[in-house]
Structure formats: C-alpha cells, structure tokens
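Here is the structure we will look at, set down as structure tokens.
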Amino acid sequence: GISLEEEQTKTDIPVEESTTAPTNKKESEMTEEELRRAKDVEYGIESFKYVIIGGGAAAYHAIDKILENDKNNPTILIISKEYNVPYQRPPLSKNLWASGDNVVEDLEYSDWSGKKQNIFFEPESVYGNEVLNFVRTLKVIDLHVDERLVLLEDGKLIRYEKCLIATGGEPRRLNFSAKNDPNVTTYRTVEDFKNLYNFVGEGNKHITVLGGGFLGSELTCAISQNLGEKKNVKITQVFPESGVLSNVFPDYLSEHATEEIKRSGVQVLNKKLVKDVEKAESGKLVVKTDDGNQWETDHVVVAVGIVPNTNVANSTTLEIDPKNGGYVVNAELQARSNVYVAGDVASYYDFSLNTRRRVEHIDHARATGETAGKNMTGKSEPYTYQPFFWSDLTPGVGFEAVGNTDSKLKTFSVWEKPTDEQKPYNKGVIYYLNDNNVVVGVLCYGNYNKMAAARSLILKKKPVKDLNELQHAISLKEE
Ligand code: FAD
Ligand code: NAD
C-alpha cells in the first residue's frame, strides 16, 4: 500500500546562562525584563514586540490589525520559509491560469467582476523597515515559551513579547518510487504555480492530477479549460472516491460535478487508487492504479490534502488536537501566554457549532488572523465568527458554503426547477443537519450572496421538525 511521509524536527534551544550584564546597574538591582534585555545585548539576540511565524494569509491579516491597534511603536518580525511576501493562494488554482502570457512575471488576474488584481496583499516595498521586518526562506524550528524565544534554522534566536503561529499546512506526500522526480510535485505556493505553468506552457503534455478534493479538482479544471486546447494538454484526474468534492457534496451532486468535468474534456478516473508512480526508461512517468491499469504521463501533481504544520514548538508544551490536528487554542486564539495561533493550523472551539474544529479556508485564515492580531495588542475578543468558503470548477459548478458541510451528515436540498433538462442542478441550497435535526451547514450552489442568511440559520440552533420548513429558509432569488 501507499504510506505517508511526514517530517519532524527536534531541537533544544540553547538558553545560555549569563553572570554579567553590560549595564551600570548591578544584576541584583535589575528587574527580570532588564536582565533579559542585558543578556540579549550580550548574546546578540534581536527582540521584537511581535514575532509572526509564517507568511501566509493569517499572518498578513494579523499584522494588519496589529498596525491598526498598536500605535505605541510596534516592531514586527515576520519569519517565512517561503521567498515571497504574503500573498493569496486561491488564484493559484483558478484565475491565474486564465491570465495572459505574462502571468508568471506579473502574477495578475481578473477577479469575478473583471477587475485586475495582483496576488500579493501588499507590494514588496511595504516590508523591510523599522516597523515591519520580513525574514524570507528561513524556518522557525523551535519555540521556548518561558524565555519568549524562537529559534530559526540558521541558529539565530529571536525574542518576542507576543508571538503568532500561522504556519498553515504542508501538502501530504505519497511514498512513490519516483517521489523525488522533479515532475512529481505537490502544489501550494506561487513557486509551484510558476513551475507548473511553465511546464504546461511548453505544450503537448499529459498531466496527471491525484486527488478529488478542492485542489485536485480546481487545478484540473483550470488547466484544462484555459490551456487544454491552446497548448494541446491532456489531463487525467484520479482519485479513490466515486466523485469529486465528495467530502462536501451529496453523492448525486458529486456525480453530476464529475460528469461536468468529464464533459469539459478531462479524463476522470474515479474509484481508483494510485499505487505507485515510477520513472520509465523513456524518461516519462508511469502511473499505476490498484485495478492493474497503468499509463505514461509527463507530470504528476499530488493533491491529497495537507498536514498542519505543528513542528515549530518542540521545547514547549503546546497541545495538539488528537482528532483534528493543529494547535489547540482558547476562545481568544491563545495556545499559551503570549502565544497565539491562527489559520489552517489552529484547532479552535466553534461557538455556533458547539464543537472543536480546524478549518482550511481563506476566510477563516483572515478572520482568525484579525482576531489574533487584535488580541496580541491587548484586546481579548473571542473568535465567534462562522467562516465561509467557495469553489469554482466548471462554468456550471460553483458554490459558497458555511458551517459544517460534511457530506456524511444528513442533507436536504432545494433546487430551482430546471429550464434545461441537460442542466438539472443549476441553482440550489443544500442544508446539512446533525443528529438532532439542527442545521449545522449550508451550501449555496450557483446561488450567491446568501452567506449572512445561512449563518443566521445555523446560529438559531433550532431542531427542524418538518424538513419542508427548509423549503424557503434561504432564497433562490438573486440578491
Ligand atoms: P498558509 O497560507 O499555508 O501560510 C503558512 C505560511 O507559513 C507559509 O508561508 C509557510 O511557508 C510558512 N511556514 C510554515 N512553517 C513554517 C516555519 N516553521 N517557519 C517559517 N515559516 C513557516 N481557501 C478558500 O477558502 N477558497 C479558495 O478558493 C482557496 N483556494 C486555494 C487554492 C490553493 C492552490 C491553495 C493551496 C489553497 C486554497 N485555499 C482556499 C486555502 C487557503 O489558501 C488556506 O486556508 C490559507 O492559505 C491558510 O492560511 P494560513 O496563513 O493559515 O496558512
Ligand atoms: P482536500 O482535503 O480538499 O482533499 C483531499 C483529497 O485527497 C480527497 O478528496 C481525496 O480525493 C484525495 N486523496 C486522499 N488520499 C489519496 C490517495 N492516496 N490517492 C489519491 N487521492 C487521495 O485537500 P486538497 O484538495 O489537497 O487541498 C489542499 C488544501 O488546500 C486543503 O486545505 C484545501 O482546503 C485547500 N484548498 C481549498 C480550496 C477552496 O476552498 N476552494 C481550493 C484549493 C485548495
């Protein structure tokens, strides 16, 4: 079978003992903070009011709120293992593929309204001054809460007053024979986009995408729709489930969406588990599935979920959620005193669903980042927001959703009467109910701007006696 590879690093932070301090005061007369500062000077430890681990969406929004709320000479250090300053990932599997030939250089795309956008939250020039500092391509490998220190992989120690862990997740890898081949890749960063775009742009390629979740399905559709014919690119999407987005869609809708993707020109191989990817003598890759089939391909993209990045705090006791993964935080998004967590890597208590969970979507990264950022400046706001998410695959397959939309729950769907028999699922609402018949999630398919109404419905937490009550709970009319 296929085994998963996970990376773990373990280190001890070298917290050195010092007997002398470069100051006029005697050590015995110094406050704890003064002693700390004196030692930092002696050992060349830089210190910042705010240290942000990770340079993604949660990090960016936290910084935004810190700057808005702390007018008292804040100093911020962002440490990212990526080269690029914070940017948005959603366009990497959508609109960027529809941009012009210069996209790899300008990273611009048109948003839903046709407006030109750039993937970066702020231009590069905003980082690298007295207030906002950015350390690129370096990993934090440890955290020491008692000493308020983070350790970078180059051995440098940084002192913080408040620290945010916003490390997101790492794409899961599969242990194939050719796992180290440059044409067997995962997909999460802008560098991944550039590499794959350039490769596909060479033309006459066969790309195989593993995974039927958000990433595998969006990327497959984006490449196929935008470069399929133009660059003579053939795409095969393979996954073990019976249809795409089957973690979210009820079976009939997953089947429908899969058919739509096939109709758009993609070869979809459902109910097939890839057992291995090997390098052929021809230089191509060979993908082998559990039913004995195999085919040659030029590139394999492995899109089989993420593992939350919880390897930054080995010397510190931070609780990891045994069920959902991620660092456990309280309502104010704190894991320990002065340590906050936001985004994909946070396991938090969802107040409207009465359960602990971890959410891997951008609206949640934004909102938790904002709450953590504010709380780091001295506020103590609970995180009670219900984030939404969305996806767009083919022109007829797109939605917005909120709450718990696990397809294992009972669902009740309301659909607009189709005018075209070919298009049975044009516009609708799917309600997800728990064992007590309470609506815990809502998915609005082809039906936009309904998230506020959906949130109110979830917040009612009222058991539904007769499912017909839901017929008009959320409107199908355009708003
Ligand atoms: P990330 O964005 O993953 O950022 C974490 C950062 O921390 C990274 O820069 C990482 O390199 C860095 N890091 C990790 N460990 C360390 C370390 N030890 N030291 C230093 N730095 C570290 N969501 C939606 O809701 N809608 C969408 O349409 C959508 N589309 C997506 C498309 C793609 C291609 C991808 C990959 C994701 C998409 N998502 C979407 C999900 C969304 O982007 C994530 O939920 C969001 O990026 C999470 O933000 P984050 O800041 O928690 O983590
Ligand atoms: P996912 O969790 O959405 O999907 C995982 C998929 O992996 C499953 O659906 C399954 O098909 C597949 N899988 C698991 N094991 C497999 C195996 N052995 N072989 C083949 N397939 C296997 O994760 P993802 O699609 O990889 O997306 C990565 C991350 O990016 C997630 O956090 C996701 O939420 C996020 N993302 C979100 C959006 C969005 O919100 N619109 C878009 C893209 C990516």
Side-chain angles (χ1 to χ4, degrees), residues 1-4 9 52-62 78-96 135-143 150 152-153 164-172 174-176 186-190 192-193 209-219 222 237-241 243-248 254 269-270 272-275 289-290 301-313 326 341-346 358-366 368-369 387-393 398-401:
I2 292 167
S3 62
L4 303 173
T9 42
I52 316 286
I53 310 175
Y60 170 75
H61 289 286
I78 310 162
I79 306 159
S80 176
K81 68 184 169 81
E82 284 188 70
Y83 177 83
N84 290 285
V85 296
Y87 61 90
Q88 328 210 28
R89 299 189 197 280
L92 304 183
S93 56
K94 303 180 194 65
N95 336 35
L96 274 186
V135 169
R136 58 179 96 225
T137 61
L138 267 185
K139 254 192 198 169
V140 167
I141 57 169
D142 212 351
L143 177 70
V150 299
L152 274 58
E153 61 183 337
L164 176 69
I165 303 177
T167 47
E170 215 57 40
R172 209 182 278 278
L174 298 173
N175 201 9
F176 299 135
T186 54
Y187 192 87
R188 186 150 180 100
T189 67
V190 63
D192 296 333
F193 164 74
V209 176
L210 268 53
F214 287 104
L215 179 58
S217 306
E218 286 183 7
L219 192 58
Q237 187 188 5
V238 205
F239 48 84
E241 297 91 355
V244 295
L245 298 186
S246 64
N247 295 340
V248 174
S254 172
L269 303 178
N270 56 340
K272 288 190 182 21
L273 192 65
V274 173
K275 277 181 70 178
T289 48
D290 58 349
V301 182
V302 180
V304 297
I306 62 165
V307 181
N309 275 325
T310 48
N311 46 10
V312 289
V341 185
D344 282 12
V345 77
R358 199 169 58 73
V359 172
E360 296 175 359
H361 295 288
I362 195 98
D363 188 40
H364 173 72
R366 175 194 60 74
T368 47
F388 87 108
F389 63 97
W390 79 97
S391 187
D392 290 305
L393 300 181
F399 65 87
E400 289 179 347

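Indexing begins at 1, ligand by ligand and atom by atom, following the structure's order.
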### Query
ligand 1 and D344, any nitrogen or oxygen pair closer than 3.5 angstrom?
yes

### Task
Below 4.0 angstrom from a heavy atom of N309, which ligand 1 atoms are there? Numbered from 1 as shown, please.
14 (C), 15 (N)

### Query
Hey, looking at atom 11 (O) of ligand 1, which of E153, R136, K81 has the closest heavy atom?
K81

#### Entry: Any donor-acceptor pair under 3.5 Å from D392 side chain to G398 backbone
no

### Summary
Filtering T167, T137, N95, V150 for the heavy atom nearest atom 16 (C) of ligand 1 leaves T167

### Query
Is any N or O atom of F389, backbone or side chain, closer than 3.5 Å to an N or O atom of ligand 1?
no

### Query
Side chains of F176 and L210: does their closest heavy-atom pair fall under 4.5 Å?
yes

### Message
Out of all atoms in ligand 2, which are within 4.0 Å of some heavy atom of E218? Include the element for each.
### Response
39 (C), 41 (N), 42 (C), 43 (C)

#### Entry: Proximal atoms of ligand 1 relative to E360 (non-hydrogen, under 4.0 Å)
41 (C), 45 (O)

### Task
Can you sort out which atoms of ligand 1 are near S93, meaning under 4.0 Å from one of its heavy atoms?
32 (C), 33 (C), 34 (C)

### Query
Of all heavy-atom pairs between A365 and A57, which one has the smallest distance, and what is that distance?
CB-CB, 4.0 Å

### Task
Indicate yes or no: at least one non-hydrogen side-chain atom of R89 is less than 4.5 angstrom from one of T189.
yes

### Message
Distance under 4.0 Å to a non-hydrogen atom of A365: what atoms of ligand 1 satisfy this?
### Response
48 (C), 49 (O)

### Summary
Near A303 (heavy-atom distance under 4.0 Å), the atoms of ligand 2 are 7 (O), 26 (O)

### Query
How does V312 reach ligand 1, if at all, at less than 4.0 Å between non-hydrogen atoms: by side chain, backbone, both, or neither?
side chain

### Protein non-hydrogen atom found under 4.0 Å from atom 30 (N) of ligand 1
yes

### Task
Taking the six-membered ring for Trp and the single ring otherwise, decide whether the centroids of F214 and F389 are under 6.0 Å apart.
yes

### Within-cut-off N or O pair, A59 and ligand 1, under 3.5 Å
no

### Query
For S254, does its backbone N or O pair with a side-chain atom of S246 as donor and acceptor, under 3.5 Å?
no

### Message
I'd like to know whether ligand 2 has I306 as a neighbour, heavy-atom separation below 4.0 Å.
### Response
yes

### Message
Among all the protein's non-hydrogen atoms, which is closest to atom 17 (C) of ligand 1, and how far away is it?
### Response
V140 N, 3.7 Å

### A59 to G54 - nearest heavy-atom pair and separation
CB-O, 3.1 Å

### Task
Report yes if some heavy atom in the side chain of P90 is under 4.5 Å from a heavy atom in the side chain of W390; otherwise report no.
yes

### Message
Any heavy-atom pair between the side chains of V312 and D142 that's under 4.5 Å?
### Response
no

### Query
Relative to ligand 1, is H364 under 4.0 angstrom through side chain, backbone, both or neither, heavy atoms considered?
neither

### Check ion pair R188-D344 (N to O, under 4.0 angstrom)
yes

#### Entry: E82 N/O under 3.5 Å from ligand 1 N/O
yes

### Task
Indicate, as side chain, backbone, both or neither, the part of L273 found under 4.0 angstrom from ligand 2 when only non-hydrogen atoms are considered.
side chain

### Task
Would you check whether N311 has a nitrogen or oxygen atom less than 3.5 angstrom from a nitrogen or oxygen atom of ligand 1?
no

### Task
Can you sort out which atoms of ligand 2 are near P240, meaning under 4.0 Å from one of its heavy atoms?
20 (C), 21 (N), 22 (C)

## Note on the structure
re atom 39 (N) of ligand 1, the protein heavy-atom contact at minimum distance is P90 CG, 4.5 Å

### Task
Taking only heavy atoms of G211 into account, list the atoms of ligand 2 that are under 4.0 Å away from them.
11 (O), 12 (C), 21 (N)

### Query
How close does the nearest protein non-hydrogen atom get to atom 27 (C) of ligand 1, and which residue and atom is it?
K94 NZ, 3.4 Å

### Query
Looking only at distance, does R89 have an N or O less than 3.5 Å from an N or O of ligand 1?
yes

### Task
Determine, considering heavy atoms only, which of L210, V304, N270 sits nearest to atom 14 (C) of ligand 2.
V304

### Task
Ignoring angles and geometry beyond distance, decide whether K139 reaches within less than 3.5 Å of ligand 1 through its nitrogen or oxygen atoms.
no

#### Entry: Flag, side chain of N270 to backbone of G243, donor-acceptor distance under 3.5 Å
no

### Message
Out of all atoms in ligand 2, which are within 4.0 Å of some heavy atom of G212? Include the element for each.
### Response
9 (O), 10 (C), 11 (O)

## Note on the structure
Taking only non-hydrogen atoms of H361 and a 4.0 Å limit, the atoms of ligand 2 in range are 34 (O), 39 (C), 40 (O)

#### Entry: Lys/Arg N to Asp/Glu carboxylate O, K139 vs E153, below 4.0 Å
no

### Query
If you count the atoms of ligand 1 from 1 in the order shown, which ones are under 4.0 Å from a heavy atom of I362?
23 (N), 24 (C), 25 (O), 42 (C), 43 (O), 45 (O)

### All side-chain contact (heavy atoms from CB on, under 4.5 Å) counterparts of S80, not counting sequence neighbours
E82, F134

### Message
For the 3.5 Å polar cut-off, considering only N or O atoms, please tell me whether L92 and ligand 1 meet it.
### Response
no

### Summary
When distances are taken from atom 53 (O) of ligand 1, the protein heavy atom at minimum range is G168 CA, 3.3 Å

### Task
Report yes or no: does a heavy atom of L215 sit under 4.0 Å from some atom of ligand 1?
yes

### Message
Only heavy atoms of F239, strictly under 4.0 Å: list the atoms of ligand 2 that pass.
### Response
11 (O)

### Query
Hey, which atoms in ligand 1 end up nearer than 4.0 Å to a heavy atom of L138?
20 (C)

#### Entry: Those atoms of ligand 1 less than 4.0 Å from some heavy atom in G54
6 (C), 7 (O), 12 (C), 21 (N)

### Task
For S93 and E218, test the side chains for any donor-to-acceptor distance below 3.5 angstrom and give the result as yes or no.
yes

### Task
Using a strict cut-off of 4.0 Å, indicate which atoms of ligand 1 neighbour a heavy atom of G343.
52 (O)

### Close side-chain approach of V341 to L164, heavy-atom, < 4.5 Å
no

#### Entry: Within-shell test, S80 vs ligand 1, heavy atom, strictly < 4.0 Å
yes

### Message
Taking the side chain as everything from C-beta on, heavy atoms only, tell me whether Y187 gets closer than 4.5 Å to P171.
### Response
no

### Task
Report the member of E360, R172, R188 with the shortest heavy-atom distance to atom 30 (O) of ligand 2.
R188

### Message
So I306 and E360, do their side chains get closer than 4.5 Å, heavy atoms only?
### Response
yes

### Query
Any idea which protein heavy atom is nearest atom 51 (O) of ligand 1, and the distance to it?
A58 N, 2.9 Å

### Query
Which of the atoms of ligand 2 are close to W390, meaning less than 4.0 Å from one of its heavy atoms?
39 (C), 40 (O), 41 (N)

### Message
So V304 and L174, do their side chains get closer than 4.5 Å, heavy atoms only?
### Response
yes

### Query
Which residues pass the side-chain contact (heavy atoms from CB on, under 4.5 Å) test with N84, sequence neighbours left out?
Y87, F120, V190, E191

